[in-house]
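This is a predicted model, so every value here is computed, not measured.
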Amino acid sequence: MERCGNAPPDDVPVVLAREGHHGPVIHAANRAARIDGIHPGSRVVDMRAICPELQVEYADVAGDHAALDRLVLWARRWCPWTARDGDDGLILDTTGADHLWGGEAAMLVEMETQLSLLGLTARLAVASTWGAAWALARFGSVRSICGPGEAHFKLGPLPVSGLRLDPKTQLVLRRLGLKTIGAVMDVPRLSLTRRFVKAELAANPLMRLDQALGKLAEPVSSMDAKPVIRAQARLAEPIFDPTPHLPGLCEDLCDQLKHAGLGCRRLHLTVYKTDGDVSYVDVATSAPNRDPAHLHSLFRDKVERINPGFGFDLITLAAGAIEEMQDKQTRLDGGSDDDLHLTRLIDRLSAKFGPRAVTRPVLRQSHVPERAEAQIAALANRPDEVVVLTKERPLRLLDHPEELRVLYAVPEGPPARFVWRRQTHRVARYTGPERIAPEWWKDRPGTRLRDYFKVEDQTGRRLWLYREGLHEDGRGGDPRWFVHGMFA
């Protein structure tokens with residue numbers, strides 16, 4: 001499926017790119033690009049040579065997966081069994097549900113209409129097997145219907161790519177002259193069995209062909225929706241303060257979480273006013289939790305922000321960001337410590353001073369020192385990237401490297417004497433250099449490389465220095481020296 005929005009004309013080739021081992025590669029392509037011979041996995045620089053008017057945008061792979069998972073649940077309006085089909089499709093088991101929409105043809109029209117309202121274009125196919133529907137949706141007409149017993153004839157003209165085989169197997173089949181699914185069907189089964197008997201599913205054309213023709217079962221394993229866990233209090237008459245009802249709501253909610261083996265990281269308190277207005281209060285935790293006393297304490301000083309108006313007669317407390325959670329034994333007698341844990345302290349401070357007031361450091365995927373660490377909110381679910389550093393780094397890294405003045409320099413080494421913070425330092429010993437190159441995909445052209453040295457001065461103080469640039473590197477004048485951190 002392709003996101004429309006401000007989409008270019010249909011005849012303009014457009015691709016989505018992602019980072020590869022040797023530069024950006026094609027992640028997805030529209031129909032115009034595929035007609036021009038541009039396919040996923042190819043390098044962008046090579047495809048620009050084939051198609052100079054190619055438009056390239058970078059793909060958000062993680063965002064696409066999350067959106068597709070939401071679309072899986074949204075598609076259950078047509079049938080109860082839905083699942084994600086790879087990175088770019090949905091598979092729906094509509095057995096017994098098509099008559100509710102006036103037949104298969106009318107159901108496809110309804111699907112296309114509803115998807116278009118979301119700004120999505122889709123290629124749709126109905127078949128008796130997953131494999132046949134997959135091939136017809138991607139290589140058949142815009143809307144394809146394959147009745148019982150028609151798979152053999154409908155799939156025959158399609159390319160071998162419709163068998164969901166890996167690229168190496170497709171290449172082998174093409175070299176053997178088997179360019180269509182029909183050609184694979186015509187080959188004696190014994191000949192293909194001898195060649196692919198030990199191959200895995202994605203590299204076995206016989207198994208894929210049996211799946212498409214219904215000779216090998218391939219059931220749809222539907223993705224389960226996250227449970228809705230909510231507690232509510234219906235009141236006989238309007239009130240103006242929900243505080244007395246919060247302990248009971250938290251107890252009820254946590255009992256449901258414990259019964260399901262789950263914990264929550266967010267709570268949504270909603271009060272429904274008698275005049276039809278609604279007010280919300282949200283709190284969050286740094287780790288999955290189902291302790292009613294702790295969750296209740298997070299609403300302290302927050303309930304006062306609710307404007308009761310003429311009063312409210314319904315209060316709901318819903319759990320959000322639900323995750324699996326197991327009870328942990330912290331004492332030998334099987335009990336747990338009642339002391340204030342770090343996660344609970346973080347929760348209380350964040351509830352008191354705001355979600356951005358408490359932060360924690362996380363490591364990032366970068367070899368540039370100042371980019372290898374970032375501060376995120378302590379309540380954030382988890383860091384985007386985590387990397388283990390193998391190089392020794394200073395205990396304290398300066399927010400901004402401080403330039404020093406060299407008094408006496410040593411060729412190919414750190415300065416023998418330098419002035420930093422109005423004090424003269426003499427280098428007693430050092431190790432290095434460690435060369436760190438710029439990140440060409442982020443830094444501006446002309447950014448100079450760095451040579452880092454660990455030095456110890458005459459007083460035993462250990463500093464982390466670096467030289468920015470080299471003599472006659474064509475990227476500026478003489479190299480400059482900076483202090484970037486201090487070791488213990």
Side-chain angles (χ1 to χ4, degrees), residues 1-5 7-16 26-41 55 57 59 61 64-65 67-79 81-95 97-98 101-147 150-151 153-165 167 170 180-182 208 211-213 218 220:
M1 297 182 181
E2 301 170 358
R3 185 73 185 175
C4 289
D10 294 338
D11 57 346
V12 175
V14 181
V15 298
L16 297 178
I26 305 298
H27 175 70
N30 67 350
R31 185 177 181 84
R34 292 194 297 269
I35 292 175
D36 290 341
I38 298 172
H39 300 286
Q55 293 188 12
E57 299 289 343
V61 180
D64 290 344
H65 286 176
L68 202 57
D69 287 337
R70 293 193 297 269
L71 200 61
V72 167
L73 302 177
W74 177 84
R76 290 188 178 174
R77 62 186 60 208
W78 294 299
C79 62
W81 296 96
T82 60
R84 194 173 80 184
D85 189 9
D87 295 331
D88 60 351
L90 303 179
I91 182 72
L92 285 67
D93 188 351
T94 60
T95 304
D98 55 283
W101 306 95
E104 293 175 341
M107 181 179 64
L108 292 185
V109 173
E110 169 67 13
M111 289 180 179
E112 188 174 20
T113 302
Q114 294 298 326
L115 289 170
S116 66
L117 295 177
L118 296 179
L120 297 170
T121 59
R123 300 177 61 85
L124 308 173
V126 175
S128 56
T129 64
W130 185 336
W134 191 95
L136 291 169
R138 286 161 176 80
F139 301 98
S141 58
V142 176
R143 290 194 301 270
S144 302
I145 298 179
C146 179
E150 297 180 354
F153 306 102
K154 295 273 189 177
L155 298 179
L158 303 183
V160 292
S161 305
L163 290 178
R164 297 177 292 169
L165 299 170
Q170 295 179 34
T180 64
I181 297 178
R208 285 302 197 188
Q211 287 179 336
L213 296 178
E218 190 179 11
V220 176

Atom pair [atom1]/[atom2] of [X] and [Y] - distance to nearest 0.5 Å:
X	Y	atom1	atom2	value
Glu150	Leu155	CD	CG	10.5 Å
Arg84	Ile91	CZ	CD1	14.0 Å
Glu112	Leu117	CD	CG	11.0 Å
Glu110	Leu124	CD	CG	11.5 Å
Asp88	His65	CG	NE2	9.0 Å
Asp98	Leu92	CG	CG	12.0 Å

Q) In terms of heavy-atom contacts, does CD of Glu57 have more than 12 from other residues, nucleotides or ligands at under 6.0 Å? A)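 No, because the 6.0 Å sphere around CD of Glu57 holds 12 heavy atoms or fewer from other groups.
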
Can you tell if the side chain of [X] reaches within under 4.5 Å of the side chain of [Y], non-hydrogen atoms only?
X	Y	answer
Met111	Trp101	no
Glu104	Leu108	no
Val109	Arg143	yes
Leu163	Ile181	yes

Looking only at heavy atoms, what is the nearest atom pair of [X] and [Y], with distance?
X	Y	value
Ser161	Gln170	OG-OE1, 3.0 Å
Asn30	Val12	ND2-O, 2.9 Å
Phe139	Pro159	CD2-CG, 3.6 Å
Val15	Ala29	CG1-CB, 3.8 Å
Ala28	Pro40	CA-CG, 4.5 Å
Ala151	Ala212	CB-O, 4.3 Å

Q.
The test is side chain to side chain contact (heavy atoms under 4.5 Å, CB included); show your working for Thr129 and Leu213 and say whether it passes.
A. CA-CA 7 Å; Thr129 64; Leu213 296 178; over 6 Å; no

Q) What pairs with Arg164 under side-chain hydrogen bond (donor to acceptor under 3.5 Å, both in side chains), at least two apart in sequence or on another chain? A)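 In terms of side-chain hydrogen bond (donor to acceptor under 3.5 Å, both in side chains), with neighbours along the sequence ignored, Arg164 is linked to Gln211, Glu218.
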
(Q) For Ser144, give me all partners under side-chain contact (heavy atoms from CB on, under 4.5 Å), at least two apart in sequence or on another chain. (A) Ala125, Leu136, Ser141

Would you confirm whether [X], through its side chain, and [Y], through its main-chain N or O, come within 3.5 Å as a donor-acceptor pair?
X	Y	result
Thr82	Val72	yes
Arg138	Gly162	no
Thr94	Ala97	no
Asp93	Trp130	no

